[in-house]
Amino acid sequence: MSKTVGDFLLERLAEWGIRRIYGFPGDGINGILGALNRTGGEFEFVQVRHEEMAAFMACGHAKFSGEVGVCLATSGPGAIHLLNGLYDAKLDHQPVVAIVGQSARTAIGGSYQQEVDLTTLFKDVASEYVEVVMSPEAMRHIIDRAIRIARAERAPTCVIVPNDLQEMPYEKPARAHNTIHSGIGYAIARPIPDEHELQRAADALNAGKKVAMLVGAGALNATAEVLDVADVLGAGIAKALLGKAALPDNLPFVTGSIGLLGTKPSYRMMMDCDTLLMVGSNFPYSEFLPKEGQARGVQIDIDARIVSIRYPMEVNLVGDSAATLRLLRPLLKRKQDRDWRERIEKEVADWWKTLEERAMEDAHPINPQRVFWELSPRLPDNVILTCDSGSSANWYARDLKIRQGMMASLSGGLATMGPGVPYAIAAKFAHPDRPVIAMVGDGAFQMNGMNEVLTIGKYWKRWSDPRLVIMVLNNRDLNQVTWEQRVMDGDPKYDASQDIPDYPYARYAEDAGLRGIRVDRPEDVGRAWEEALASDRPTVLNIYTDPDVPPLPPHVTFKQARRFAESLAKGDPNLTGVIRASVKELFA
Ligand SMILES: Cc1ncc(C[n+]2csc(CCOP(=O)(O)OP(=O)(O)O)c2C)c(N)n1
Ligand SMILES: [Mg+2]
């Protein structure tokens, strides 16, 4: 049999170094699946329960491996299911290539079954590149460009392959007019800013007496350089959510997370600083940054489009974070006066004590903060952490003490529910020798995590280290939103939209061939983590936590406090519990 377009597509993916595809079948991609079968195991096809999960996994693969993630779905419904996962990749700037089927070229435009205008559907999410392959000769340059652009722009791209074309004999483009002749290979570059701009940045930073740094995902590979610069500048460093793994939390001048999920020392540092150095972050909430005019600003980012969009910066340095910081460093003068740094260190030390006290406060039955607090000292050295959107993201951001050598991520930009478990699966496939922990709410687990437990059941024996722990924060509530309704809108909890059913998740895990542990007493939390992390198979920890412990912002404004009081006065069904757990936190 001659080589088909499907065969060629896979050959090309392999040449690009791609070996794993997350997907789900359908007759719109049978020509590609048949070709995958013929490769005889060269590719690892990971079958998911839902195409959105394939897209999350491709995004997780990119996040944890730094390589392009690939997902594959059939035409129509399969392609539509990918969307949310692809938006997650888009908003968190991850290179993902989606390959989707389409009706046969002979049927396109004929309202054929499962025919959806996929170019229009993907136009926004894959705005960097979405193309339909219309002839065998075009397969080569379209897949080449989709991969190269995904990597260059750190964005999702999409290749739409009509099903009849997948089975056709592959033909190389002739050497003729109207043909395209592409090759493989990335351009690796570490751009650096102009010298003059570097000097201007150094002048601003040298003039400051109270320098605050904010680092994000763009600083994940610049740990040493960030620390070096912070040391000379006597700066404290706050971390945006996606930058959690950029710096260990045991350094005394790292103020931790920032924003609604942030810490008090981060907040105070930003309110008091006279200079702001932002590295690789697109942190959105300007109310947590200095007031306009309060601080002189310097920003470093690889993407010229996003500099100076959160705070009016005086100097914008467009370049690779590590390379730029290395060039900046010799231009900086060491701050002799260390008062600012010492004040930050004192606030950080006090804050950790506050967090411990909060975590150990009684709750019914278990204080969710304690679940994260007790995990920190038990984190294996090379663990990979994933988290979902929900109240768990607060405790992940604030309470969990990350150390050097770990990786961690969640859906930062889209803040979608659902990626916690699929990211963890992708982390296991990318690093089968490392333990992985996913921290997800019961709502997110019900939304899709439970289904993907079956995927874990199918594949876990392939992983050299079988440890994958899914911690389900079982509060029987869509708790983050319940609290947003109370604090932001002054509304009482609306049971109809917020209450969710309880379910025996540990038993469910056992039925799926995994381990399940149910925890409903605070004193068992530490031991449960230890058991799960010593297990010979993936484990679901079902931890019963108190929905009345408030995931409040680090400072509560007068307006928020008033709205919260109003929500209680309007007859919140959880009234007594809420008052017990939270008034102390709010007004203390
Ligand atoms: C797909 C999606 N739907 C809805 C939301 C809004 N939302 C954010 S957090 C949240 C509650 C999550 O509940 P759960 O997973 O139980 O976590 P909890 O906050 O209770 O810890 C909701 C509904 C979202 N972010 N993403
Ligand atoms: Mg919940």
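Each ligand, and each atom within it, is numbered from 1 in the order the structure gives.
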Ligand 1-proximal atoms of Asp388, by part, heavy-atom distance under 4.0 Å: neither
Residue part near ligand 1, for Asn475, under 4.0 Å between non-hydrogen atoms: side chain
Aromatic ring pairing His50/His81, orientation class (parallel under 30°, perpendicular over 60°, tilted between): parallel
Aromatic ring pairing Tyr505/Tyr503, orientation class (parallel under 30°, perpendicular over 60°, tilted between): tilted
Give the residue, atom name and distance (to 0.1 Å) of the protein heavy atom nearest [atom].
atom	result
atom 14 (P) of ligand 1	Gly443 N, 3.5 Å
atom 21 (O) of ligand 1	Ser391 OG, 2.5 Å
atom 22 (C) of ligand 1	Val481 CG2, 3.3 Å
atom 17 (O) of ligand 1	Gly441 CA, 3.6 Å

Presence of N, O or S from Asn475 under 2.8 Å of the Mg ion (ligand 2): yes
Does a side-chain N-to-carboxylate-O contact under 4.0 Å join [X] and [Y]?
X	Y	result
Asp572	Lys570	no
Arg378	Glu530	yes
Lys90	Asp88	no
Lys244	Asp249	yes
Asp92	Lys63	yes
Arg151	Glu67	no
Arg403	Asp381	yes
Arg462	Glu44	yes
Lys458	Glu452	no

Return yes or no for this condition: an N or O of [X] is under 3.5 Å from an N or O of ligand 1.
X	answer
Met417	yes
Ala415	yes
Ala444	yes
Asn84	no
Asp442	yes
Ile500	no

Cation over ring face, Arg486 and Trp483, 6.0 Å, 45°: yes
Provide the number and element of each atom of ligand 1 under 4.0 Å from a heavy atom of [X].
X	result
Asn479	18 (P), 19 (O), 20 (O)
Asp477	16 (O), 20 (O)
Thr416	1 (C), 26 (N)
Gly390	9 (S), 17 (O), 19 (O)

N, O or S atom within Asp477 nearest to the Mg ion (ligand 2), by name: O
Of all N/O/S atoms in Asp442, the name of the one nearest the Mg ion (ligand 2): OD1
